[in-house]
Amino acid sequence: MRRRLLPMLCAVTVAAALLTAPARPALAATGDQPYASYWFPKTILDWDPATDPDARFNRSRVPLRPRAQNPALKANPHARAGEGGVVSLVSFAPTSDNPSQGSLDADYYAFGHWQYVDTLVFWGGSSAEGLILAPNPTVIDAAHRNGVKVYGTVFFPPEVFGGQLQWVRDFVEKRGRSYPVADKLVQVAEHHGFDGWFINQETEGGDAALAAELRSLMKYARAKGPVEFMWYDAMTESGAVDWQEALTPANDAFLNDPGRVADSMFLDFGWDAAKLRSSRALARSLGRDEHELYAGIDTEADGYDTDVPWEALFPAGRPHAASLGIYRPEWTWRSSSGPADFRARDSRFWVGANGDPSDTSTPPTGKGPAQKAPAWKGLARYVAESTPVTGKPFVTGFNLGHGDFYNVGGVRVRDGGWNNLSVQDVPPTYQWLVSSRGTELTPSIDFGDAYEGGSSLRLTGRLDAVNTVRLYQTRLPVAADTKMSVVVKAPAAGPTHLRAAVSFTDAPTRFTTFDLGSTRGTGWERRTIDLSAHAGRTIAQIGLRTTGVNKDYDIRVGQLAVYDGAVDRPSAPSGLTVLGVTDVSDDRKSLRLAWTGSRGKVHHYDVYRRDPGGGRTYLGATPNDAYFVPRLDRAGAETSTTIEVEAVSTEYGRSPAATVAVPWAGDPGPSGRPSTSGGSTTSRDLATPTS
């Protein structure tokens, strides 16, 4: 029996939901964990960001960046630019269990191949928890920083999985000429900062009138605000649930009736070459682009062992027949044994088995006549890379948004696992492209050391010839005061054998290099390069080039930046306030913090605690003006802890800190260590700002 899109999810999320409460109490004075928002059609009508205590923590402050493609710089000769795109339907966690701002666990779907994706659908919803799921801000922040749109999910399950046709009728209920739920969908998207909604209507029993109301609701919402819709190929114009696996006269009104309805359509999994040809013809007859149709593939169970008719969708040497919709690519994470295995599987899924987007060939398996090449060659074979590096400043520390420690300026400020996609840097466009006439070095994102965050770029191997490592495709204009900065770290003082490499749009494949010299020791060292001699040109690529000989070459790059003039330093945030405190034990709290944002362009705010010895411990970061601290431990017998928040500019200049004191009550646990006794209580003796 062919598996359908929603039933697969329902079976998981309903089971998970039965173990959780369907809703969380809104206690404004607590410091409890905020979660991504979810509702039923009736309950979303009561949502008001002014009264929702989680609303402030669920906002993304990162605008959608513009992206560019340069066909001359695509990694794979088979890939095509400007044709079929990719939508990725990802379930990060059950509907009711998506923390708003990360968590203290390195094991997370910290996706790092945004260059191949156009839209991410924050997948979820269940009949037990809620049908309408808004994405959490960490995912929006990371996606937008990479120029990728993010959609929430509206989910109507089949009756066998708890679906009720009344929920669909509640969704399209009108008051006069308005659709109240649609008004809320627009308000939620605008408040949270995401781009649209994926509508998945699989509840049986509808009729043509109900289908028409769903189309009218989408048109109404699109006219109300900048919100998009993707329609799933399930309900037809008759109201029946009847998957077409194509664009047909039975469902084409969900694209045009005759005006524009949905912005795109996700086609169910059973498509083939003939169905894609007829879909393309029908889309064009409606004045729509066939690439607004996303041919779905289901990778939830088998990942890159899924059988996909690639040639039907992406025929060799010919235009793409449609775009690609990937259902549950986070298989790479869920099937893995841990973070390192996840990253290896994710690379194979997106880049191919060779870890080289220019070479997606797959050697045959088996023996004799049974030999065949694995079908899955990676998305890099078909889709040319896009880049969001289209404006200055550009700064990366190669931080993938999770890790086992956190460094700031090369200093260890926290030990322990964490994930927070809000501070993920733009990953390298090419993972990995190395050219050499000798032994090729091995680039990697290394989680053993970092300058900023939890990871850095590392080059290792036998250096016996010049190596050129292409990292980023860019579109960065060079001005008279443009500089390039590179932070490096070597295992010993001496020559780095490393040069920064840039190419320009007037000769995009020819690199100009700048020697990074020698290191004085074994710590992080910065090199700043004046690019004024190239003013008026536009940087097309950024990379690295190694020279010389070293049998055990090993060097890390902790930061790479292109910016104009002096590094900007924002003003300090103000009005730092503790909104709520939850006492987990006598010696452990969780906190909700808020502040007034700084003047200037802020990339994010770092949150610390001041230690009794004068040092600082990192608690987390956000681009927002509110942050949840999941764990604050009492140090010794201290009677209060000072919390500090400082702004970090888009050029990584840091502001003075705003501070607030958090008091501790009672005696500390044994030996001043956090006590494990007692339950969770709420304190309403809220701290007040000290500066």
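Note that the numbering runs from 1 along the sequence shown for the chain.
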Tell me whether Trp123 contacts the main-chain N or O of Thr153 through its side chain, where contact means a donor paired with an acceptor under 3.5 Å. no
As a test of understanding, state which of Val168, Leu210, Val241 forms a side-chain contact (heavy atoms from CB on, under 4.5 Å) with Thr203. Val168
Evaluate Asp302 against Trp331 for side-chain hydrogen bond (donor to acceptor under 3.5 Å, both in side chains), listing each step before the verdict. CA-CA 8 Å; Asp302 297 321; Trp331 170 90; over 6 Å; no
Is the shortest heavy-atom distance from the side chain of Leu324 to the side chain of Tyr382 under 4.5 Å? no
Less than 4.5 Å apart, side chain to side chain, heavy atoms only: is that true for Glu190 and Pro226? yes
Any chance the rings of Phe122 and Phe194 have centres within less than 6.0 Å? no
If you draw a 6.0 Å radius around NZ in Lys149, do more than 12 non-hydrogen atoms from other residues or ligands fall strictly inside? no
Are the ring centres of Tyr109 and Phe342 closer than 6.0 Å? yes
Does the side chain of Lys74 reach to within under 4.5 Å of the side chain of Glu385, using non-hydrogen atoms? yes
Would a distance-only check, ignoring hydrogens and angles, find a side-chain to backbone donor-acceptor pair under 3.5 Å from Asn624 to Arg56? yes
Let me know which of Val150, Val148, Asp195 forms a side-chain contact (heavy atoms from CB on, under 4.5 Å) with Ile140. Val150
Any side-chain heavy-atom pair of His402 and Arg343 under 4.5 Å: yes
Beyond-backbone contact of Trp114 with Pro427, side-chain heavy atoms, under 4.5 angstrom: yes
Quick one: does Trp39's side chain get under 4.5 Å of Val188's, heavy atoms only? yes
Under 3.5 Å, is there a donor-acceptor pair between the Asp141 and Ser60 side chains? yes
Let me know which of Trp197, Phe266, Phe254 forms a ring pair (Phe, Tyr, Trp, His ring centres under 6.0 Å) with Trp231. Phe254
Ring centroids only, cut at 6.0 angstrom: are Phe40 and Trp167 within range, meaning strictly under it? yes
Check the pair His78, Trp310 against ring-ring contact (aromatic ring centres under 6.0 Å, His included), reporting the backbone distance first and the verdict last. CA-CA 12 Å; His78 301 281; Trp310 294 109; over 10 Å; no
With a 6.0 Å cut-off on ring centres, are Phe57 and Phe628 close enough? no
Indicate, with yes or no, if the rings of Phe111 and Trp333 have centres closer together than 6.0 Å. no
Identified side-chain hydrogen bond (donor to acceptor under 3.5 Å, both in side chains) counterpart of Tyr179 within the set Lys219, Lys184, Glu213: Glu213
Evaluate salt bridge (Lys or Arg N to Asp or Glu O under 4.0 Å) for Arg288 paired with Asp252, printing each intermediate quantity in order. CA-CA 11 Å; Arg288 300 296 292 270; Asp252 63 354; over 6 Å; no
Would you sort out whether Asn76 and Thr360 count as a side-chain hydrogen bond (donor to acceptor under 3.5 Å, both in side chains), showing the intermediate values? CA-CA 8 Å; Asn76 195 289; Thr360 53; 3.1 Å; yes
Indicate yes or no: at least one non-hydrogen side-chain atom of Met230 is less than 4.5 angstrom from one of Tyr294. yes
For the residue pair His113 and Pro329, establish whether any side-chain heavy-atom pair is separated by less than 4.5 Å. no
For Arg65, look at atom CZ and say whether over 12 heavy atoms of other residues, nucleotides or ligands are found less than 6.0 Å away. yes
